[in-house]
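All remarks here apply to the structure that follows.
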Protein chains: 2
Amino acid sequence: MTVDRGTRPTRRAVPSTRTPGEQLATAVPGEVGDTARPVPAATVARLAVYLRVLTTLLGEGRGVVSSEELAAAAGVNSAKLRKDLSHIGSSGVRGVGYDVSRLTAEVEATLGLTRPHAVALVGVGNLGHALAGYGGFAQRGFPVAALFDVDPALVGTEIDGVEVEHAAEIPRVCAERGVTIGVVATPAAAAQEVCDHLVAAGVRSILNFAPTVLAVPAGVEVRKVDLAVEMQVLSFHVARRHGSVPAAGHAPATPGTTATTPREAVTR
Amino acid sequence: MTVDRGTRPTRRAVPSTRTPGEQLATAVPGEVGDTARPVPAATVARLAVYLRVLTTLLGEGRGVVSSEELAAAAGVNSAKLRKDLSHIGSSGVRGVGYDVSRLTAEVEATLGLTRPHAVALVGVGNLGHALAGYGGFAQRGFPVAALFDVDPALVGTEIDGVEVEHAAEIPRVCAERGVTIGVVATPAAAAQEVCDHLVAAGVRSILNFAPTVLAVPAGVEVRKVDLAVEMQVLSFHVARRHGSVPAAGHAPATPGTTATTPREAVTR
DNA sequence: ACTTGTGAATTCGTTCACAGCA
DNA sequence: TGCTGTGAACGAATTCACAAGT
């Protein structure tokens, strides 16, 4: 059934079908006290993207940037970008654009990046080891303050100057070093237990690489990065392509299809 | 059933001038074909999660499972799960539940997992190396068919039985081995070029780990995994906690809050 | 003239609640 | 008595389009 309930909306533009989406994440709070919740959740994820672009621009000495340009570089549409920025109480200058350094500072402040966040990484296996060695963390304000594992062969070794300690030490070490973010890179079977320890140690934000849904008490934020899921979503699209469309010739520019089609990438 | 989608606008104009874009997209516009293909995008990502749970259940010999149980294990609410399954034309049995093995097969079919998808991984640095060694890929039907890098020190080496070849070989090798999915794990500066090569080689699905927005032609699907973004989103939540709300210990079960899943996790 | 900021329209996604069937 | 499947209410996110500054 379609439709037509009461009011008749006005329809004017062509029904453009574009599919946006993102797996979005968690909803931000709400919760009790009700401190008005600005910053719409989906916006938060994009702010991080804008920040990267801004940093690049800053490095290039750009003084101001328009929403159009910034949006293109971030791969989003400009109206969305402006709305996003409006949520953080931004202030660009009409007719001109945004001051790059000021906007950078505002975004950083919103994301809570004005001070570093100590990170504890649990599970120094294949992936965990790579993450520990990945400079990106420390570089962007997330110093790896502790590493844990249960494997006796790993405990005691050092990665990038940080010693691997036994997972049993999580509570003590995390408390001592003021860890605020935990990264779980253990096998699925161990993830929940590790998560429980982190939570007990006061960690309220967790990035989970283990292929499991973690159960956590309210107030703890979990973000999940699941490679298998990503691959399977791509698989879906590969399969989708064979689904229909008798491949009549091949249209190069099939509108409405999948793709990310910005005009130009940021870097390079 | 019978959703009659009344007015079918049929065909839209090409969004010529500006193409906004984003990642993830699905819901295929149906094009002109007949069978409108639903599967709402957001649903696709969750199907992969359900699949993992189903696989576990299958391994435990469970014959049937209710939407309530499956949903709990997957960390979603049961109504959502049922709606998701309805999109893939599922059929559970009222009063009973879903047949585990049948549902597993249906989900796999929908995700296009009935046959393996050859993967090419470009960038065998820190992260790339870990990904290459990560058994999860091959295990779940995504055999790593090729590895590439530009570093002479890496080219020629072997990881898990697969030789690292020079990135210049991407076109030839990908075509030869029927690669359908590309994984970009290079530094940001090289990502776009690598992406272009993959696309030229016919790869239409790309998983991007590089911190850059990739520009691709329509028809190519890009999914992005950005660690910095994940960390920064968590940072936002850490900061949020200090913003206000004296964090007095409060009600445990506040629905709609931050957390992922109260209740119980799948494993363990 | 140009670009931001934003109300309003629209689309997309989630949740409710119940009819329908084993 | 369950539990599924789904219309319909609801809510979140996106896009439009234009008024408001500069």
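Sequence lines set the chain letters: A, B, ... in the order given, protein chains first and strands last, and positions in each chain run from 1.
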Rounded to the Å, how far apart are [X] [atom1] and [N] [atom2]?
| X | N | atom1 | atom2 | result |
| --- | --- | --- | --- | --- |
| L81(B) | dT14(C) | CG | P | 12 Å |
| L70(B) | dC3(D) | CG | P | 14 Å |
| D84(B) | dT6(D) | CG | P | 13 Å |
| Y98(B) | dC3(D) | OH | P | 12 Å |
| L85(A) | dT6(C) | CG | C1' | 13 Å |

Does any pair with a residue in residues 103-113 of chain A pass side chain to side chain donor-acceptor pair (under 3.5 Å), and if so which ones, sequence neighbours excluded?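 Side chain to side chain donor-acceptor pair (under 3.5 Å) check on residues 103-113 of chain A returns R102(A)-E106(A).
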Rounded to the nearest 0.5 Å, how far does CD of E221(A) lie from CD1 of I181(A)?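 Taking CD1 in I181(A) and CD in E221(A), the distance rounds to 10.5 Å.
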Near-strand residues of residues 101-113 of chain B, defined as heavy-atom separation under 4.0 angstrom from DNA chain D: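 Per residue number, the list is empty: none.
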Does OP1 or OP2 of dG5(D) have a side-chain N or O of S86(B) closer than 4.0 Å?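 No, no such contact exists.
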dC3(D) phosphate, OP1 or OP2, under 4.0 Å from S67(B) side-chain N/O: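 False: S67(B) side-chain N/O out of range (4.0 Å or more) of dC3(D) OP1/OP2.
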With sequence neighbours excluded, what pairs up with V96(B) under the side chain to side chain contact (heavy atoms under 4.5 Å, CB included) test?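 With neighbours one apart ignored, the set is V64(B), V93(B).
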A191(B): which residues meet the side chain to side chain contact (heavy atoms under 4.5 Å, CB included) condition with it, sequence neighbours left out?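 Per chain and number, A191(B) pairs via side chain to side chain contact (heavy atoms under 4.5 Å, CB included) with V184(B), T186(B), A210(B), L214(B).
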Test ring-ring contact (aromatic ring centres under 6.0 Å, His included) applied to F142(A) - qualifying residues, sequence neighbours left out: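 Listed in chain order: H117(A).
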Salt bridge (charged side-chain N to carboxylate O under 4.0 Å, His left out) partners for D226(A), two or more places apart: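 Expected list: K224(A), R52(B).
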Going by the rule salt bridge (charged side-chain N to carboxylate O under 4.0 Å, His left out), which residues pair with R82(B) if we only count those two or more places apart in sequence or in a different chain?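 So R82(B) forms no salt bridge (charged side-chain N to carboxylate O under 4.0 Å, His left out) with any residue.
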Determine the contact category for S91(A): base if any of its heavy atoms lies under 4.0 Å from a base atom, sugar-phosphate if only primed atoms, P, OP1 or OP2 are that close, otherwise nothing.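 Sugar-phosphate: the residue S91(A), judged by heavy atoms under 4.0 Å, touches backbone atoms but no base.
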Please collect all salt bridge (charged side-chain N to carboxylate O under 4.0 Å, His left out) contacts where either partner lies in residues 42-51 of chain B, sequence neighbours excluded, each pair once.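 As it turns out, the salt bridge (charged side-chain N to carboxylate O under 4.0 Å, His left out) pairs with a partner in residues 42-51 of chain B, which skip direct neighbours, are R46(B)-D84(B).
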Footprint string (nucleotides 15-22 of chain C, 5' to 3'): B base within contact, S backbone only, - free, heavy atoms under 4.0 Å: BBB-BBBS
